[in-house]
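Everything below concerns the one structure shown next.
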Number of protein chains: 4
Amino acid sequence: MISTFLDAVAGDLTIEAFFSQSAEIETMLAFEAALARAQADLGLIPTDAAAKIEAACHSFAADPSVLSAGMARDGVVGPALVTALRATIGEEHGKWLHWGATSQDLVDTGLVLRLKQVVTHLEARLVDLIQALQHLRGLEGGIRLMAQTRMQRALPFTAADKIDTWLRPLERNRRRLHQLLPRILVVQFGGPIGTRSNLDGRGDLVADRLAERLHLGAAPAWHTARDGIVELGNWLSLVSGTLGKIGVDSVLMAQNEVDAVRLPGGSSSAMPHKSNPVVGEILVALARFNAGLAGTLNNALVHENERSGSAWALEWLVLPQMAVTTAAALNHARRLANDVQFVPDPKI
Amino acid sequence: MISTFLDAVAGDLTIEAFFSQSAEIETMLAFEAALARAQADLGLIPTDAAAKIEAACHSFAADPSVLSAGMARDGVVGPALVTALRATIGEEHGKWLHWGATSQDLVDTGLVLRLKQVVTHLEARLVDLIQALQHLRGLEGGIRLMAQTRMQRALPFTAADKIDTWLRPLERNRRRLHQLLPRILVVQFGGPIGTRSNLDGRGDLVADRLAERLHLGAAPAWHTARDGIVELGNWLSLVSGTLGKIGVDSVLMAQNEVDAVRLPGGSSSAMPHKSNPVVGEILVALARFNAGLAGTLNNALVHENERSGSAWALEWLVLPQMAVTTAAALNHARRLANDVQFVPDPKI
Amino acid sequence: MISTFLDAVAGDLTIEAFFSQSAEIETMLAFEAALARAQADLGLIPTDAAAKIEAACHSFAADPSVLSAGMARDGVVGPALVTALRATIGEEHGKWLHWGATSQDLVDTGLVLRLKQVVTHLEARLVDLIQALQHLRGLEGGIRLMAQTRMQRALPFTAADKIDTWLRPLERNRRRLHQLLPRILVVQFGGPIGTRSNLDGRGDLVADRLAERLHLGAAPAWHTARDGIVELGNWLSLVSGTLGKIGVDSVLMAQNEVDAVRLPGGSSSAMPHKSNPVVGEILVALARFNAGLAGTLNNALVHENERSGSAWALEWLVLPQMAVTTAAALNHARRLANDVQFVPDPKI
Amino acid sequence: MISTFLDAVAGDLTIEAFFSQSAEIETMLAFEAALARAQADLGLIPTDAAAKIEAACHSFAADPSVLSAGMARDGVVGPALVTALRATIGEEHGKWLHWGATSQDLVDTGLVLRLKQVVTHLEARLVDLIQALQHLRGLEGGIRLMAQTRMQRALPFTAADKIDTWLRPLERNRRRLHQLLPRILVVQFGGPIGTRSNLDGRGDLVADRLAERLHLGAAPAWHTARDGIVELGNWLSLVSGTLGKIGVDSVLMAQNEVDAVRLPGGSSSAMPHKSNPVVGEILVALARFNAGLAGTLNNALVHENERSGSAWALEWLVLPQMAVTTAAALNHARRLANDVQFVPDPKI
């Protein structure tokens with residue numbers, strides 16, 4: 001929403017791109033094209049109309065200001081897009097556009113298509129981080145450190161022991177992702193009230209065919225049951241929180257008096273002798289930021305009746321930020337894994 | 001912590017019992033007994049000592065005030081328990097008590113033993129609720145209602161359609177529980193710094209045998225990686241949030257002007273004609289309460305080094321409350337499923 | 001709600017007493033007695049009735065189980081109390097009991113009466129803490145320490161400089177309390193829907209006289225505007241957060257390698273050489289706990305129409321805990337101020 | 001951070017501008033110019049140097065990409081700005097730039113200068129909203145409505161009664177703002193560790209003169225005591241929460257079956273007969289969003305030692321969003337006050 005210097009540490013251009021207006025338009029158009037094709041496959045709408053709709057979806061250059069105005073008026077961007085797109089298609093075929101669908105189908109499925117790409121990136125970074133930490137463990141694992149329990153020197157252990165405590169939850173988070181993805185990477189198609197009516201009794205077939213065309217899983221309508229979205233948000237917080245633990249460890253170990261790790265540090269405007277543990281600090285900040293957002297997102301489960309304008313908008317305010325900051329955190333942690341140097345404790 | 005009239009709606013005696021002082025003592029004693037037995041099984045400590053320790057654990061009547069004083073002094077209840085228990089066993093065998101273990105092993109594994117019973121209760125209630133809603137669907141599913149999107153009359157559907165939107169996330173939550181349990185119902189055994197040292201190199205064997213004796217899963221030490229605890233808390237919020245959606249629906253449908261459901265209502269001190277939708281209200285309150293607590297619990301992922309006194313205590317402040325209120329919410333929802341009566345919309 | 005060993009560090013018997021069932025009953029009875037007297041003062045009800053009501057309020061022994069059952073049934077404890085009390089008074093005078101009032105008047109004003117005592121205790125502890133820190137500053141302020149910016153050694157300063165950073169926000173918090181108290185220590189009296197109707201047009205006079213008798217401020221009904229409650233909760237979090245900063249400083253300074261303060265420490269079950277900074281840890285935990293609860297309490301501002309059963313119950317779940325843990329934190333900080341010993345940095 | 005269609009309802013260009021990179025640069029330059037002038041006023045640095053520094057601050061065109069790179073490296077934008085600015089000034093006078101100051105002075109005071117403008121806008125909108133509601137009360141206050149307690153029809157009242165419940169907390173929020181502003185609209189000047197050392201013993205004079213030149217209040221350094229920032233954030237949540245109550249009321253009253261208010265509504269892509277209560281919905285979403293952010297911001301009170309990179313960054317992630325969304329909410333509420341039409345209840 002606001003572009004500040006903070007973006008340099010909390011932002012992530014790759015993931016932000018999936019939440020841009022153009023990406024949102026692109027996936028909404030993909031939805032409408034696939035829906036028309038799915039309905040034509042089933043003989044529900046004319047093949048000509050589907051071809052025309054698909055072509056329009058490929059070539060349509062939406063005017064973002066028109067869509068923003070629609071958003072302000074309707075509280076959801078769908079109606080303005082459908083209206084504008086239908087106008088370019090013309091009356092004859094345009095009446096088959098968005099047939100049996102509602103804005104929520106368009107917006108939620110469009111989101112899922114982008115989340116699919118987002119989690120692909122996040123998992124790749126997670127795997128890369130795991131490998132980097134494993135590599136670091138191979139290189140520096142034998143270094144003797146002093147374990148610290150309750151912020152006090154406890155007993156000696158090794159860098160490998162420490163790295164293992166970082167690695168294990170990352171690996172578990174990867175398994176968690178695999179378990180939750182089938183619940184969230186599914187089509188949302190329900191029509192006005194989620195019942196898939198108005199489709200000659202073939203709503204379920206349309207939904208399945210639409211899912212297939214979009215390479216998403218099939219599922220009953222989930223327009224009012226936001227557990228899949230919230231579960232994904234909770235997972236993002238688990239990831240950034242796990243990285244926050246790496247961050248706080250590195251900050252504590254990099255204290256001058258402790259000197260158990262060395263990190264490339266940030267400079268100070270007043271004290272040139274200082275080297276600040278920037279990466280560790282930002283990992284902690286992002287972890288706490290996402291923890292709070294997870295709490296807010298869980299409030300969106302209280303979704304009123306067959307569509308809640310307020311609970312839905314709450315998701316929009318929260319989930320993109322969680323994805324972006326988690327992605328940023330993964331990059332910071334990757335850098336930390338590359339740059340950190342463990343220092344043997346001289347007293348053990 | 002505080003006993004108020006609110007307990008009558010937000011408390012749950014069954015689940016609270018698992019977080020009582022006596023239940024905590026009981027599972028900590030079970031840990032010490034099983035640890036001694038496991039170590040004797042492996043020939044690490046004398047069989048006599050293990051027998052003596054086990055007997056002492058079975059008969060020991062801990063003095064709660066001594067343990068509370070220990071908690072106040074040490075910030076964790078473990079040391080005081082071990083000291084008191086060792087005194088009753090005597091020097092000869094007592095030196096083998098808690099051997100190679102640390103307070104965190106005692107407290108975390110003790111918690112897991114109780115969480116195992118807690119989730120058994122919660123799942124049973126979840127299943128019972130699912131069945132009650134399926135039964136309700138069978139009885140009243142055909143009743144014609146008006147779907148409400150964005151708080152406006154949309155199109156007609158049926159009570160079965162509505163109930164399906166309540167049922168599906170509950171069923172998904174059950175599957176989520178099955179997936180996460182193997183990650184949390186595991187032993188915590190790490191010794192002072194999580195490395196299972198000081199056990200003649202047989203720390204992993206001790207941990208595995210201990211897990212077996214306690215009917216828990218085996219796992220590496222997770223004393224600093226709290227993702228399992230947080231994942232469980234997030235799940236509790238998913239459940240109470242899902243129930244909060246049922247709650248808000250019922251409150252909205254029970255409005256006099258809407259009259260789509262009737263609920264047994266609470267009385268008013270000033271307006272005898274009123275019937276308040278108490279169950280629905282409390283479901284919403286508990287959902288938002290747990291959503292916030294989930295956010296707080298996610299902060300506990302930022303766990304400093306090899307044991308964080310503050311992040312760990314934050315878990316203790318939050319997780320029991322989440323379990324209790326989720327349990328209470330399941331009971332309220334069960335009552336709602338029993339009592340709710342759908343009312344056909346006269347205009348459709 | 002749940003009594004655990006954690007109470008030894010997170011509880012506070014003095015403040016918990018104000019949220020007990022008996023304290024709640026006591027203040028609700030005080031409300032009814034004062035209301036009857038106020039109405040008799042204004043000639044609205046017979047003096048005999050007021051005397052009878054007052055006498056009954058003084059001698060009435062409410063049955064907590066009856067009130068809990070009422071709470072479960074009605075979602076608020078007021079109706080059951082009024083019913084039981086009226087039964088003891090008898091029909092003739094009992095009809096004047098609670099006249100023109102509603103449960104919310106009873107419950108909210110009862111709460112305010114107890115909050116008045118709670119904040120008196122909290123302010124006394126705050127003042128005591130400020131004085132203890134000032135005393136500490138006098139004793140140890142000259143000790144040379146190394147300031148730490150961004151967890152790195154920065155430049156030398158003194159213990160007085162450090163203590164000043166702890167003192168100033170405490171003093172500001174005291175001023176904040178003085179500013180907010182006139183907004184929260186006010187009577188709630190509105191009748192069924194907050195309009196003070198049904199009182200022969202003299203509702204405002206009744207409210208003012210009632211406030212006077214209860215030694216509370218006068219104010220328009222605030223049954224639906226919960227900003228006063230939330231402001232108080234936010235203040236509690238400001239206090240516990242300010243103390244959390246003292247806590248984290250003390251934990252960091254007590255690290256063995258840093259050794260800038262010494263604290264009486266908790267023992268470890270596995271490592272007798274260790275001394276854990278228990279008080280600092282718990283201050284941090286309580287700060288984060290209350291920070292999250294503050295976020296939840298702010299959600300209670302979204303209070304539906306003329307009385308929200310769910311938003312109101314959310315306050316009940318949160319505010320007492322915030323008061324108790326803030327009180328506990330003040331005690332811990334007081335102990336820390338007494339026990340902490342600054343250690344001169346040997347390198348400066 | 002991310003620009004989406006949501007900005008059309010959750011964004012606010014006026015307030016976002018104060019958090020832009022250019023605004024941040026501008027206020028940081030104002031700080032450096034005023035600091036040099038203040039120091040010259042006191043004879044601490046040559047008047048020539050101050051003149052040169054001031055001129056450079058007026059004409060300096062910072063390269064945002066350089067500053068972003070500095071942010072990524074240092075975790076704070078200050079050092080890169082000072083370095084670049086000093087290079088344009090040259091060695092002779094440049095050595096007096098930023099003299100005795102640190103990045104935190106630059107960044108925090110720069111923030112306060114912008115917050116001063118932000119709160120001016122917010123208060124103006126608050127006053128405007130209050131007046132609009134008073135105007136509405138004059139026009140429609142006599143309309144008879146049915147009060148709703150606990151989502152049930154209670155007793156008749158008027159639109160004036162309802163509007164009063166919206167107005168009073170807004171007026172209280174204005175008074176709260178007046179009380180808190182003297183605590184936050186103050187200079188931050190402490191030097192490297194907050195002690196105002198290295199200024200020939202005249203640090204306090206420099207701070208006071210600097211404050212005067214910047215038209216801010218004087219205050220001791222508050223670099224580690226973030227209660228002022230958090231108090232402001234809590235106030236923003238009080239405002240947006242108060243507006244969220246107006247939002248939820250309007251949504252509930254706009255239900256077709258209730259029909260107590262009419263709002264200009266958003267259109268639906270599937271159901272042309274519907275009119276969605278967009279403004280009310282978004283007010284609720286923004287209230288819950290800010291409530292959660294307030295909880296997160298309170299965590300920033302736990303600020304480690306003499307500067308916390310992580311707690312400080314957490315503020316940056318949260319506070320600008322809270323200001324922007326509160327500003328947006330005020331605009332939405334203003335629109336609602338203009339557009340809402342109360343509808344007499346036909347049954348009373």
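Because the structure is a prediction, the values reported are computed rather than measured. Heavy-atom basis, side chains included; hydrogens, waters and symmetry copies ignored. Chain letters run A, B, ... following the sequence lines, proteins first and then strands; every chain starts at 1.
In this structure, CH2 on W316(A) lies 12.5 Å from CG on D7(D), to the nearest 0.5 angstrom. Separation of atoms OG1 (T4(D)) and CD (Q321(A)) is listed at 9.5 Å; rounding is to 0.5 Å. Rounded to the nearest 0.5 angstrom, N299(D) CG and R288(A) CZ are separated by 6.0 Å.
The two residues A313(A) and I282(D) come nearest to each other via the heavy atoms CB-CD1, 4.3 Å. The heavy-atom pair separating L314(A) from F289(D) by the smallest distance is CD1-N, 3.6 Å.
Taking 4.5 Å as the limit, every side-chain heavy atom of V278(A) sits out of range of all side-chain heavy atoms of R73(D). Counting heavy atoms from C-beta on, the side chains of F5(A) and I25(D) come closer than 4.5 Å. Under the 4.5 Å side-chain criterion, counting only non-hydrogen atoms from C-beta, L286(A) is in contact with L317(D).
Comparing M71(D), H332(D), Q104(D) by how many heavy-atom pairs each has under 4.5 Å with chain A, the most go to M71(D). Ranked by non-hydrogen atom pairs under 4.5 Å with chain A, the options G191(D), A285(D), G75(D) are led by A285(D). Listed options A311(A), G309(A), A23(A), G292(A) were ranked by heavy-atom pairs under 4.5 angstrom with chain D; first place goes to G309(A). With respect to chain A, the highest number of heavy-atom pairs below 4.5 Å among N276(D), L67(D), V284(D) belongs to L67(D).
With a threshold of 4.5 angstrom between heavy atoms, R335(A) approaches chain D through side-chain atoms but not through N, CA, C or O. If you measure heavy-atom distances from L6(D) to chain A, the contacts under 4.5 Å come from both the backbone and the side chain. Heavy-atom distances place the backbone of A101(D), and not its side chain, under 4.5 Å from chain A. Only the side chain of T296(A) comes within contact range of chain D, with heavy atoms under 4.5 Å apart.
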